[in-house]
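Letters go in sequence order (proteins before strands), and every chain restarts at 1.
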Amino acid sequence: MQEIFNIFVKSIFVDNMVFAYFLGMCSYLAVSKTVNTSVGLGLAVIFVLGITVPVDYLLNDYILKPGALAWLDPEFKDVDLSFLSFILFIAIIASMVQLVEMVVEKFSPALYSSLGIFLPLIAVNCAILGGSLFMQEREYQSLAQATSFGLGSGVGWFLAIVGIAAIREKIRYSNVPKPLRGLGITFIITGLMGIAFMSFLGIKL
Amino acid sequence: MKALREFVDKQKPHFEKGGRFEKLHSTFEAFETFLFVPNTVTNTGAHIRDAIDMKRTMIIVVLALIPPLLFGIWNVGYQHFLSNGMAPDFWPMVGFGLLKVLPLIVVSYITGLAIEFAFAQSRGHEVNEGFLVTGMLIPLVMPPDVPLWMVAVATAFAVIIGKEVFGGTGMNILNPALTARAFLFFAYPSEMSGDRVWIAEKADAYSGATPLGHLLVLDADKLPSDWAMFSGLIPGSIGETSTIAILLGAIVLIATGIGSFRIMASVVTGGLVMGLLFNLWGANAYMDIPAYQHLIMGGFAFGTVYMATDPVSASQTNRGKLIYGFLIGLIAVLIRVFNPAYPEGMMLSILLMNVFAPLIDHYVVQSNIKKRLKRSKAGTAKV
């Protein structure tokens with residue numbers, strides 16, 4: 001239980017997807033203009049990460065890992081299917097995103113139109129695939145650990161995008177030098193936020 | 001005074017549109033308003049009549065910074081001679097401290113003001129006084145032995161990346177003085193942390209660890225007495241050591257209404273609450289120290305009074321200020337105790353909450369809107 005909680009906290013603050021690995025930057029930069037939209041996208045990312053990481057964990061554990069097929073038949077114990085992980089992980093992610101898209105379109109058409117192309121693009125958001133690959137690389141011990149890692153990473157990404165959206169709303173009327181308006185200043189803000197998030201770097205849990 | 005006014009008025013036409021020095025208008029404007037309260041008034045919209053403007057505000061903060069500055073100058077000398085086993089009189093200590101501290105102040109002001117003036121000229125806005133405070137805060141949060149070129153680089157980084165790219169004073173999202181310190185802290189860690197840097201020209205055999213440095217390796221026995229930490233007779237950054245001097249500054253800031261007492265009180269509460277929680281947990285010697293000691297060690301007091309209250313980067317709403325301050329205190333103590341990489345958490349926790357201050361404000365404002373909508377609906381329903 002302690003371990004699961006530690007993984008959750010660690011993936012929010014210490015190993016933050018945006019500030020520690022700079023993953024998922026495209027939608028982070030593009031959809032962070034207002035707080036309300038970014039809350040919507042952030043929740044979608046939490047949901048997708050929270051589903052895909054445990055599903056991919058099961059996939060990895062029972063099919064892909066070296067020797068994972070041994071439960072079918074002992075003679076498969078030398079089979080290593082891990083070269084398939086990219087394509088299978090992406091397939092799972094794409095179908096989950098499709099699900100989210102249909103749900104959002106049905107229940108919140110306003111959010112659907114404001115997210116635009118970036119909702120289906122979650123499927124190729126590197127934070128999502130990164131979540132599954134980190135899960136594979138770090139060899140989490142149980143389904144619960146993988147789930148808490150997925151949810152924690154999602155919450156960390158959510159915090160990052162909502163934080164920067166509030167800052168961008170605040171500086172909307174600032175006299176930013178012309179060449180830096182828009183993306184330029186957003187990159188600078190991201191860097192400064194990264195400095196602030198370094199406060200958690202080095203915490204061992 | 002009158003002669004000065006006449007002199008300024010005589011020079012004025014040269015700097016107005018069409019004059020010889022038209023390009024230097026904002027420089028002239030800065031010096032004119034530095035000497036005299038400007039007589040320009042707002043024409044449209046609602047405005048508040050008050051004698052205080054930004055220049056007056058900033059000067060009061062600089063005044064409030066004088067007690068920690070003077071104490072810091074003396075303490076730099078005191079720690080230096082103490083480490084070398086000498087005990088000279090008062091004046092040699094002050095002399096040594098001045099020798100160490102004045103160059104830092106001069107470098108920080110010259111670098112920062114040069115950049116401010118250059119930006120103001122080229123972008124055609126006024127020179128703002130925000131830097132008078134930042135330029136004083138930067139030397140005060142540095143270790144006494146920091147090389148001067150580092151101060152210059154850090155100041156330039158803080159003023160350009162931390163402030164000017166956002167459009168100048170009042171637009172920055174992070175506190176510029178802390179941005180400068182964080183920049184140096186991560187770029188040159190060996191000059192900004194450890195046991196070596198906190199005493200100027202320290203004798204090698206003398207331990208120069210700060211109280212937080214002792215606690216980091218769980219040496220709670222080596223902690224100086226409460227009185228030493230409260231009065232400031234400990235090694236540390238120049239301005240941060242003396243809680244007494246900082247309290248004097250806090251009185252000035254609160255009495256004039258320039259520093260928010262809400263933020264100060266909630267930061268202290270947050271630190272105490274976290275300290276007490278750790279007392280309950282008590283897993284190691286660090287968690288067992290009394291909660292109030294967190295307030296008098298390291299930069300907690302200095303950060304609370306001068307950094308967290310920065311009106312630009314803090315939360316703007318009253319309820320937001322309480323949340324913002326509370327979380328600063330909480331996270332600062334959390335980082336101190338939990339993070340083996342950094343002995344001090346105050347700088348980073350303030351920066352972190354600076355980042356989230358706009359978000360806190362956003363939700364406070366939204367909840368107010370919702371509450372009022374509900375109230376007005378309830379009101380119309382009754383009628």
Side-chain angles (χ1 to χ4, degrees), chain A residues 2 6 9-10 12-14 16 18-20 32-39 42 155-156 158-205, chain B residues 119 122-125 157-158 160-176 178-179 181-183 185-187 312-313 315-316 320 331-332 334-342 344-363 365-366:
Chain A
Q2 173 94 29
N6 283 354
V9 173
K10 205 175 155 189
I12 297 179
F13 294 109
V14 187
N16 188 289
V18 175
F19 298 119
S32 56
K33 286 201 186 84
T34 63
V35 174
N36 289 340
T37 349
S38 60
V39 167
V155 173
F158 173 86
L159 268 186
I161 193 171
V162 177
I164 201 175
I167 293 175
R168 286 181 78 175
E169 279 193 4
K170 182 184 170 186
I171 66 161
R172 184 165 299 158
Y173 300 106
S174 298
N175 180 18
V176 176
K178 260 218 179 81
L180 282 176
R181 290 209 182 136
L183 275 189
I185 195 77
T186 315
F187 270 109
I188 291 177
I189 297 172
T190 311
L192 291 175
M193 288 172 84
I195 292 182
F197 258 79
M198 279 179 87
S199 43
F200 300 108
L201 205 77
I203 293 183
K204 299 230 167 15
L205 282 175
Chain B
F119 263 90
S122 67
R123 303 200 58 212
H125 65 68
F157 177 84
I160 297 174
I161 303 292
K163 200 164 91 176
E164 287 300 335
V165 297
F166 292 98
T169 303
M171 303 298 176
N172 46 302
I173 52 164
L174 297 185
N175 182 318
L178 282 182
T179 315
R181 194 181 195 281
F183 173 76
F185 185 79
F186 291 119
V312 179
S313 53
S315 280
Q316 314 286 327
I331 296 173
L334 193 79
I335 295 174
R336 279 181 178 178
V337 177
F338 256 153
N339 197 337
Y342 314 131
E344 174 59 301
M346 200 58 193
M347 166 183 83
L348 290 164
S349 81
I350 295 177
L351 286 177
L352 189 74
M353 289 321 293
N354 280 172
V355 163
F356 285 111
L359 188 67
I360 297 173
D361 278 339
H362 176 88
Y363 279 110
V365 170
Q366 292 300 321

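- If you tally non-hydrogen atom pairs under 4.5 Å between each of Ile189(A), Leu192(A), Ile164(A) and chain B, the highest count goes to Leu192(A).
- Proximity to chain A (any heavy atom under 4.5 Å) is restricted, for Ile335(B), to the side chain, taken from C-beta onward.
- Ranked by heavy-atom pairs under 4.5 Å with chain A, the list Asn354(B), Thr179(B), Asn339(B), Asp361(B) is led by Asn339(B).
- Of all heavy-atom pairs between Ser313(B) and Ile173(B), the closest is CB-O, 3.4 Å.
- Nearest heavy atoms, Asn16(A) versus Ala160(A): OD1-CB, 4.4 Å.
- Only the side chain of Ile171(A) has a heavy atom closer than 4.5 Å to any heavy atom of chain B.
- For the pair Phe187(A) and Leu180(A), the minimum side-chain heavy-atom distance is 4.5 Å or more.
- Both the backbone and the side chain of Phe166(B) come within less than 4.5 Å of a heavy atom in chain A.
- Looking only at side-chain heavy atoms (C-beta outward), Leu348(B) and Phe200(A) stay at 4.5 Å or farther from each other.
- Contacts with chain A were tallied for Met171(B), Gln316(B), Met347(B); Met171(B) has the most, counting heavy-atom pairs under 4.5 Å.
- Using a 4.5 Å cut-off on side-chain heavy atoms (C-beta onward), Pro177(A) and Arg123(B) make contact.
- Of the possible donor and acceptor atoms, one in the side chain of Arg172(A) sits under 3.5 Å from a partner among the backbone N and O of Lys33(A).
- Of the two parts of Ile188(A), only the side chain, counted from C-beta on, holds a non-hydrogen atom closer than 4.5 Å to a non-hydrogen atom of chain B.
- Of the residues considered (Leu174(B), Leu351(B), Ile350(B), Val355(B)), Val355(B) shows the highest number of contacts with chain A, using heavy-atom pairs under 4.5 Å.
- Neither the backbone nor the side chain of Phe183(B) has a heavy atom closer than 4.5 Å to any heavy atom of chain A.
- In this view, Arg181(B) satisfies the salt bridge (charged side-chain N to carboxylate O under 4.0 Å, His left out) rule with no residue, not counting sequence neighbours.
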